[in-house]
Amino acid sequence: MNHWLMKSEPDAFSIDDLKRKKREPWDGVRNYQARNFMRDGMRVGDQVFFYHSNCAEPGIVGIARIATDAYPDPTQFDPKNGHFDAASSRDNPRWVLVDVAFVRKLKRTITLKEMQALPALSGMALVRKGNRLSVMPVDAEDWRTILALE
DNA sequence: GCCAACGTTGGC
DNA sequence: GCCAACGTTGGC
């Protein structure tokens, strides 16, 4: 079982949105590294930290679960969609997504600030300066360390 | 294949 | 809203 972290801007899609909808296609990822993690790394049942970015208190707010294998992201084919990619085709889709299912909210937000302050997490991609990846793996040990903060 | 210009991400 | 970091694009 692998562990992951996925970022979302709460103004666009928050942990409460996922709780309400129970399950959601994680569309709009347009970064090759993030895509490759979804396509090649994720397996159904993997656990995910749901992270709120670009907001007043960035941090991990909940846990989700990978509900499907990767499949083509339909938004890349829709010219009216903000994530449309004219260079992609249905025969050879460039972008994929996975469905993500709600598991639970954390009792509190584990903030980016406190994770940055923990020496045990200094190796985590999330806390490295300039990190912009929206989908990333989380070590089993880091996963436990973070959950213990809750 | 280099690299400048440009666009985006995301913390602050 | 600012800006640092970083990915992508495209001219050469």
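Every chain is numbered from 1 and lettered A, B, ... according to where its sequence line falls, protein lines coming before strand lines. What you see is a predicted model, and the numbers here were worked out from it, not measured in a lab.
- Here dT9(B) presents its P atom at 18 Å from CG of L112(A), a figure rounded to the nearest Å.
- Comparing R94(A) and N54(A) along DNA chain C, the residue whose closest nucleotide (by nearest heavy atom) sits nearer the 5' end is N54(A).
- For K7(A) and dT9(B), the shortest distance from a side-chain N or O to OP1 or OP2 is not below 4.0 Å.
- Rounded to 10°, the helix from dG1(B)-dC12(C) to dC12(B)-dG1(C) has 10° between the axis fitted to its first five pairs and the one fitted to its last five.
- Partners of Y71(A) by side-chain contact (heavy atoms from CB on, under 4.5 Å), not counting sequence neighbours, listed by chain and number: P25(A), T68(A), L97(A), D99(A).
- Distance, H52(A) NE2 to dG10(B) P: 13 Å, rounded to whole Å.
- The phosphate of dT9(B) has neither OP1 nor OP2 within less than 4.0 Å of any side-chain N or O from Y51(A).
- Between the C1' atom of dT9(B) and the CD atom of E9(A) lies a distance of 8 Å, rounded to the nearest Å.
- Counting to the nearest Å, the C1' atom of dT9(B) and the CG atom of L5(A) are 15 Å from each other.
- In this structure, K129(A) places its NZ atom 10 Å from C1' of dG11(B), rounding to the nearest Å.
- Residues satisfying the ring pair (Phe, Tyr, Trp, His ring centres under 6.0 Å) test with F37(A), not counting sequence neighbours, are W4(A).
- Among residues at least two apart or in separate chains, side chain to side chain donor-acceptor pair (under 3.5 Å) pairs with a member in residues 136-150 of chain A are R104(A)-E150(A).
- With rounding to whole Å, H83(A) atom NE2 is found 16 Å from dT8(C) atom P.
- Of the candidate nucleotides dT8(C), dG10(B), dC12(B), dT8(C) has the atom lying nearest to any side-chain atom of Y32(A).
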Step-by-step ring-ring contact (aromatic ring centres under 6.0 Å, His included) determination, Y32(A) to W95(A) | CA-CA 8 Å; Y32(A) 289 106; W95(A) 306 110; 4.8 Å; yes
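- As a whole-Å value, the separation of R128(A) CZ from dG10(B) P is 15 Å.
- One atom, CD of E57(A), and another, P of dG11(B), lie 12 Å apart when rounded to the nearest Å.
- A donor-acceptor contact closer than 3.5 angstrom is absent between the side chains of D16(A) and S14(A).
- Nearest to the side chain of N31(A), among dA4(C), dG10(B), dG7(C), sits dG7(C).
- Considering only residues two or more places apart in sequence or on other chains, S88(A) meets the side-chain hydrogen bond (donor to acceptor under 3.5 Å, both in side chains) condition with Q76(A).
- Picking from dA4(C), dG11(B), dG10(B) the nucleotide with the shortest atom distance to the side chain of S134(A) gives dG10(B).
- Residues in residues 115-128 of chain A take part in no side chain to side chain donor-acceptor pair (under 3.5 Å) pair, two or more places apart or across chains.
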